[in-house]
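Below is one structure, written out as structure tokens; comments come after it.
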Amino acid sequence: MSTQTGGLGFKPSQEQVVLGVTALLALGFAFALPGFATLANVLTLTRSVAILGILGIAMSVVVIGRGLDLSLVATMAVTSAASLQLLQHGWPLAGAMALCLAFAVLIGVINGFIIAFVEVPALFTTLATGFLIFGLGRVFLLDGVISYVPEEASALVWLGQGRICGLPSPVLVLALMALAVHFLMSRTTLGRFIYAHGDNPEAARLTGIAVRPLTMTEYALASAIGFVAGLVMAASTASMNTQVINSTLIFDVIMVVVLGGVSLVGGRGSVGGVLAGTALIGTLLNGMTILNLDNNIQNIVKGAVLLGAILLDNRLHPRDEETARQGD
Amino acid sequence: MSKGMTSGRRGGLMLALLLLGACTVPPDTGQPVAPPSASTPAVSNLDFNGPEGSNALRARATAALKGKTIAWVPQALGLPLTEIWTRVMREEAEARGMTFEVRDSNWDATAGLQAVSSLVGERPALMVIHNPNVQIYAKELKRAEEAGIPVIQVNMVSNQKTAAYVGPDWHQVGSMLGEEIIRQCGSGSGKSGKVSIVQGELTSGVSIEQMEGLSASLATDKAIQIVSTQTANWDATKAHDITATVLQQHPDLCATVGFWSTMQAGAAEAVKAAGKQGEVKVYASGGEGKVDCKHVDSGLLTKVLSYDSPSQAKAIIQLASFILQSGVPPENLRVANYSTLRWMEKDHYDPALCYDWAR
Amino acid sequence: MNTGVRYNGALLHGGLLRRLYHRWSLKLLLSELLAKRWMEPAIPFLLMWGLIAYFAAVTPNYASFANASALGRQFADMGFVVMAMGLVVISGGIDLSVGAVFAFANLTALMLLQMFHLPVPVVIVGTLLAGGMVGAINGYLVGYLKSRPFLTTLVTLIILRAVVDLLSQRYSVPLAMGSDRSWLWAYLGRGLALWTVPSNLMMLAVVGLVGHIMLSRSRPGWHLTALGSSRKAARHAGIAVERTLFFTYVMSGLLAAAGGLFYAARLSSTGSDTGAGWEVNALTAVVLGGVSLSGGRGTVARMLIGAVIVFVLVNGLVRMGLPGPMTSTALGALLLVAVGIDMKWAKNRLKTIQKIYLNPTVVELRPAPSTAADSGTPYAENDRLRDSREIGLDCVEGPEDVILDREDRLYCGTRDGLILRFSGPDFSTREVFARIGGRPLGMAFDREDNLIICVGGMGLYGVKPDGTVYKLTDETNRSWFKLNDDARLRLADDLDIAPDGKIYFSEATIRYEMHSWHLDGMEGRANGRMICFDPATGKTQTLIKDICFPNGVCTAHDGQSILFASTWLCSIFRYWIAGPKKGQIETLIDNLPGYPDNINRASDGSYWLAMVGIRSPAFDLAMRNPGFRLRMVKQVPPDEWILPGINNGCVVKFTEQGEVVESLWDPGGRKHATLTSMREHKGKLYLGGLENNRIGCIDLPGADPDWNGCDSYWGKPEVARDL
């Protein structure tokens with residue numbers, strides 16, 4: 001893993017470094033481990049991290065805008081569980097999906113409102129709304145910790161467990177989401193504005209960008225994509241376990257995002273970076289699985305790799321810690 | 001362990017008989033007794049009013065139970081198992097004139113400890129405890145006993161034993177699961193013999209004892225190979241991830257067994273996702289009522305060893321009623337009521353096990 | 001000590017309630033309360049007590065000693081973790097691994113004790129070492145490798161959790177079944193310190209106290225706070241940034257490990273959910289308590305207040321039997337509301353104080369005696385000051401007071417903190433005699449010819465004949481029942497020296513500063529005091545409190561009393577310092593037609609009084625209506641306010657008995673507006689003005705041509721030496 005740039009004359013971006021590391025790892029595993037370099041294995045690999053990737057994309061929209069959404073997992077779990085609940089009560093599929101999507105967007109708008117208008121920092125706001133969503137959802141909307149997909153809604157289950165031309169559907173959803181968000185961020189005005197907002201909010205405001213509605217849009221987008229991720233997760237196990245909110249999934253999402261070069265300072269990074277981060281995590285986990293490593297040892301290795309990536313990023317993109325802000 | 005089991009079983013049987021007797025007091029017919037006279041023989045054999053009379057019996061029972069509080073601390077509400085327990089216990093308790101209170105700590109062991117600790121200060125008549133692990137409530141349970149509060153532990157037991165325990169004999173559960181696995185995957189079955197065990201919280205009594213029984217049982221067959229004993233900490237998503245990994249590592253897996261059916265449903269989904277439903281046998285123990293029935297019907301879970309949670313709940317309240325009426329100090333009681341275990345498999349289970357708590 | 005002289009008793013008429021309402025203003029109390037530093041964490045503090053009171057009312061048996069003890073024991077572990085997080089947050093970082101370190105320490109302690117059977121002291125040291133090592137790793141990464149704290153500690157969290165899970169799975173059975181027999185271990189878990197306090201709570205209190213002292217009063221603590229405040233400035237100031245960061249994280253690790261140690265001793269339990277989510281709880285607690293997330297602000301007390309709030313809330317809600325998710329909801333809602341209010345409070349506290357600080361009160365004066373030129377009273381306007389000669393025209397800025405020494409040299413203070421001396425036959429030689437700073441106001445010579453000066457904004461200073469400046473005093477005794485810290489001298493105005501050398505001086509107001517004295521005029525409250533400084537002992541003592549803008553001070557000719565002026569009450573008072581009436585105050589003159597400033601001796605046994613402004617019916621009316629003044633101050637720009645008529649110059653002479661005999665005017669204040677002092681010296685009267693650009697001098701026909709102030713006070717030099 002070389003950081004010398006002398007001979008090459010260009011500084012590799014973090015995304016490229018991550019891709020490079022992934023490639024190296026993949027090559028290493030392919031040589032050392034039987035069964036790694038098969039199509040079936042590659043599909044399993046991508047399938048297992050698809051949900052993480054979709055969540056990473058959702059988070060990246062917000063992080064590029066210099067925000068942070070710690071309530072993403074809570075939104076995801078509660079909205080998708082609520083949609084399952086509605087299906088159980090006999091609602092039509094489209095209706096239930098639409099209503100819960102609207103609900104997710106509403107949560108995002110509220111997040112954005114508090115951050116933009118009440119000016120509470122994003123870290124606290126989303127931390128608090130995460131608690132609120134989980135609590136209110138469990139008390140008022142859901143009938144228990146786990147919601148199950150009813151028999152009639154087998155179409156939904158396809159989303160998690162189906163295949164098209166051999167590609168597992170979560171991977172398809174990931175690919176679609178990535179394309180859509182990439183198009184949004186790089187080719188539309190809204191995307192440009194989000195980048196501007198993250199890079200320098202004050203300048204963005206001064207040039208006339210409606211910064212506050214933009215904030216609300218960012219969080220609404222993130223929540224909506226999170227809802228989709230929740231649907232995929234619910235479909236793949238035919239149930240949504242709201243206990244996932246208490247797990248470290250949210251931290252894994254942030255890891256994937258930052259790993260992929262979407263820095264928490266905002267204004268830089270892209271969907272490709274998120275996919276690179278996801279690929280790295282997926283390759284790593286898959287290889288370790290084939291190596292028969294214990295789940296916990298896998299976590300330790302994951303943590304160590306991430307630490308290495310962070311330190312590498314620090315080297316490549318030194319940040320001025322004297323003027324850096326909290327949450328970097 | 002076996003010694004205690006048999007004597008406990010005997011004790012349980014005696015208790016059951018006692019209770020049976022207690023519950024069959026003939027009702028008061030309300031008809032006046034004809035005073036003995038020269039023409040009618042003295043036939044009254046039902047003494048209503050003496051110290052041994054039915055009224056006195058009723059009065060004593062009522063005094064012991066009416067208005068008394070039973071406090072219930074589950075590990076978390078919202079699970080089929082705990083919802084069934086709560087609902088049935090509440091019905092039974094309130095039918096006897098008792099008050100029923102719940103303290104929900106929602107998986108937070110520290111909050112649960114605080115709840116138990118504060119309950120000891122509030123002095124309910126009886127406490128029903130569901131221990132997250134064998135150690136955490138131990139000192140508080142001791143304190144409760146010293147304060148004279150009887151404690152009934154359900155399913156998840158603590159190192160500190162108290163007046164009563166209601167739950168399966170987990171060792172036996174493990175053995176039964178092991179025997180079933182040997183039957184399906186052991187020598188002579190033509191399968192690979194590979195078994196994956198999905199444990200619960202490793203420091204909980206349920207997991208420790210089931211594991212003991214299961215390992216002992218599986219060890220009797222050389223063909224059985226345990227390829228994974230990872231823990232999913234009662235979380236279905238983790239069980240799913242673990243099993244998916246194991247299936248990748250061992251595509252010829254024969255069976256996977258989990259210590260709680262709700263958790264094991266996640267593992268079953270991984271099996272289904274790998275297209276191996278029916279090929280890989282999925283076993284679990286549980287008391288999830290209609291959810292278990294649904295899973296078994298759909299073939300998701302191959303077989304579930306059910307401990308009939310509604311009956312457990314009734315047993316708890318019956319025991320509570322006995323303890324409160326008898327007035328025996330809790331530290332003199334160490335009673336176990338082992339739940340009856342019944343297999344559930346597709347088209348082959350007792351519909352009474354499909355309790356719907358949301359009804 | 002006297003507390004009289006608030007309002008002229010004889011002037012009460014009508015509206016007693018209204019008077020009382022303005023006198024004992026609640027808003028004033030509130031404004032002074034808000035300005036206090038310890039009010040900043042007011043909201044979390046109130047919230048904490050509010051929650052405790054609520055739960056005590058709702059839950060049976062809550063407010064009992066046994067319950068408090070049990071709660072305290074359960075709280076202490078969390079308290080340690082919150083302290084760990086709080087320290088790092090103050091230093092400008094964040095430590096998300098505190099919960100994982102807690103669980104790791106718990107596991108380590110149990111493993112060392114139950115598997116390796118080490119003695120308890122070794123277990124304690126080993127556990128703390130384990131936590132310290134994790135902290136050191138964090139500190140190295142963040143401090144020396146300059147990695148981002150958020151992400152780095154996140155990774156530490158993930159790795160540690162995995163390690164804890166791994167080890168507890170591998171050794172779950174021996175860990176679950178072990179038991180302890182050591183008395184020390186039992187004491188850590190169950191013991192009581194001082195017969196009543198749980199041992200871990202006591203340890204938390206001790207550590208908290210040490211932490212507080214370290215943070216607020218020791219160099220490492222200041223460095224830590226400075227780092228959080230501005231890392232750049234800290235580095236420029238020479239603070240070892242990396243080392244300080246490193247030790248901050250090490251301390252965080254140690255504290256979290258201490259929490260884990262007590263938890264292990266108390267429960268001997270380990271599970272995969274030990275300490276899960278505690279980092280979020282700790283962050284919530286820290287934020288709720290008011291420790292700023294951007295670093296540099298916060299105290300140990302605030303952290304612990306936040307921790308108590310979170311703990312009491314979760315505990316109380318569980319006890320009330322609410323479903324678990326409701327606790328989550330309540331915590332989230334509380335966090336949002338508290339952070340929102342706290343941010344608004346911090347932003348608006350000073351604004352609020354500003355809005356409610358000014359509290360005008362009723363000042364009721366009798367109709368002023370006429371100053372019309374043809375009124376025939378001693379106050380009749382004339383133009384005797386019109387022909388004054390100028391000294392130092394355009395060479396002085398605001399000579400508030402003027403004084404002359406035995407060598408006929410003229411001294412005055414200026415706006416820029418200098419003491420100028422004019423010498424020569426026409427006072428044409430101007431030199432800077434001394435540089436003091438502040439705003440020099442009243443002056444007097446003492447027995448040794450030192451020039452003693454009241455410096456507004458600084459205190460009481462002296463200048464030796466060679467020009468050396470020295471400080472006499474800048475603080476007095478703090479009054480016990482005032483929120484306002486009035487130990488410091490804000491506006492020492494005028495002074496005079498008694499025959500025994502004691503210096504009596506006035507402090508015009510304790511609520512306003514030198515630059516805002518006119519607001520005190522708008523208020524009209526009795527905010528000033530008379531203070532005495534004794535050079536022999538160096539002690540300063542407040543003699544009379546609650547005077548309405550005491551200004552000029554003059555020792556009576558017989559040295560038995562001190563005369564002082566109350567500017568807004570337009571009165572002169574006499575305070576006896578010797579004789580049978582010692583300590584009493586009596587009114588000498590009241591209802592002057594103007595606002596008295598400095599008082600100085602005249603050569604014929606009477607006194608000169610400068611009037612800084614002249615009363616007008618409009619302003620008198622305004623002073624009777626505090627509501628009007630308040631609205632005016634809030635709604636009208638300052639240059640449009642109604643003010644006392646300070647564009648007049650007037651000097652008044654009154655006798656020992658308080659009878660005004662003559663007055664000298666500069667109508668319209670052409671040469672001497674805002675006339676604040678006059679000094680008689682060898683038959684001439686020298687005039688000084690607060691805003692003037694000159695010193696005036698007029699002849700006094702009929703005055704003693706050899707009279708000077710120093711001799712009047714201390715006698716002729718030869719005579720003095722003979723004594």
Side-chain angles (χ1 to χ4, degrees), chain A residues 68 70-71 74 114 118-121 123-125 127-140 142 242 245-248 251-252 254-255 258 263-264 294-307 309-311 313-315 318-328, chain C residues 89 92-94 96 141-142 145-152 154-167 169 230-235 241 273 276-277 280 283-284 287 292-295 322-340 343-344 347:
Chain A
L68 194 63
L70 294 179
S71 65
I114 299 176
V118 186
E119 289 178 19
V120 181
L123 189 66
F124 302 147
T125 311
L127 191 66
T129 45
F131 286 142
L132 272 171
I133 295 166
F134 174 62
L136 290 173
R138 272 291 308 279
V139 170
F140 293 112
L142 305 173
T242 50
I245 298 175
N246 288 344
S247 71
T248 53
F251 295 139
D252 289 342
I254 297 177
M255 275 299 158
V258 172
S263 169
L264 285 177
D294 188 67
N295 207 28
N296 292 314
I297 298 194
Q298 289 192 17
N299 274 339
I300 296 176
V301 173
K302 189 169 72 170
V305 165
L306 294 168
L307 186 63
I310 292 168
L311 291 175
D313 174 54
N314 228 27
R315 263 303 175 74
R319 85 193 218 290
D320 184 3
E321 81 274 6
E322 290 178 349
T323 50
R325 294 149 306 108
Q326 192 54 262
D328 277 358
Chain C
V89 168
I94 194 169
L96 292 175
L141 289 171
V142 174
L145 293 185
K146 305 216 194 314
S147 164
R148 297 177 176 89
F150 188 84
L151 295 178
T152 313
L154 196 55
V155 172
T156 314
L157 163 77
I158 292 177
I159 296 181
L160 263 185
R161 277 261 159 233
V163 168
V164 167
D165 280 347
L166 188 66
L167 289 177
Q169 283 175 25
S230 164
R231 210 183 273 200
K232 194 169 217 160
R235 186 173 61 85
V241 169
D273 64 343
V280 173
L283 195 60
T284 311
V287 167
S292 166
L293 209 67
S294 43
L322 286 183
M326 279 299 266
T327 314
S328 181
T329 315
L331 212 57
L334 187 68
L335 181 61
L336 260 185
V337 168
V339 170
M343 306 207 88
K344 292 296 177 188
K347 240 203 305 186

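Order of the sequence lines sets the chain letters (A, B, ...), proteins ahead of strands, with each chain counted from 1. Side chains included, hydrogens not; waters and symmetry mates left out as well; all remaining heavy atoms used. For clarity, every value in this text was computed on a predicted model and none was experimentally measured.
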Side chain from CB out, backbone as N, CA, C, O: work out which of these in [X] comes under 4.5 Å of a heavy atom of chain C, or both, or neither.
| X | value |
| --- | --- |
| A/Glu119 | both |
| A/Ile254 | side chain |
| A/Val120 | both |
| A/Ser263 | side chain |

Most chain A-contacting option - heavy-atom pairs closer than 4.5 Å, from C/Leu96, C/Thr152, C/Val163, C/Val164
C/Val163
What are the two closest heavy atoms between [X] and [Y], and how far apart are they?
| X | Y | answer |
| --- | --- | --- |
| C/Leu336 | A/Ala128 | CG-CB, 3.5 Å |
| A/Ala304 | C/Ile159 | N-CD1, 3.7 Å |
| A/Leu132 | C/Gly332 | CG-C, 4.0 Å |

Going from [atom1] on [X] to [atom2] on [Y], what distance comes out if it is rounded to the nearest 0.5 angstrom?
| X | Y | atom1 | atom2 | answer |
| --- | --- | --- | --- | --- |
| C/Leu141 | A/Leu307 | CG | CG | 5.5 Å |
| A/Phe131 | C/Thr284 | CZ | OG1 | 4.5 Å |
| C/Ile158 | A/Met255 | CD1 | CE | 4.5 Å |
| A/Ile297 | C/Asp165 | CD1 | CG | 12.0 Å |
| C/Arg148 | A/Leu311 | CZ | CG | 10.5 Å |
| A/Leu136 | C/Met326 | CG | CE | 7.5 Å |

Let's test your reading of the structure: which of A/Leu70, A/Leu127, A/Thr129, A/Val118 forms the most heavy-atom pairs below 4.5 Å with chain C?
A/Leu127
Heavy-atom distance under 4.5 Å between the side chains of A/Val258 and C/Phe150, does that happen here?
no
Side chain, backbone, both or neither: which part of C/Leu283 has an atom under 4.5 Å from a heavy atom of chain A?
side chain
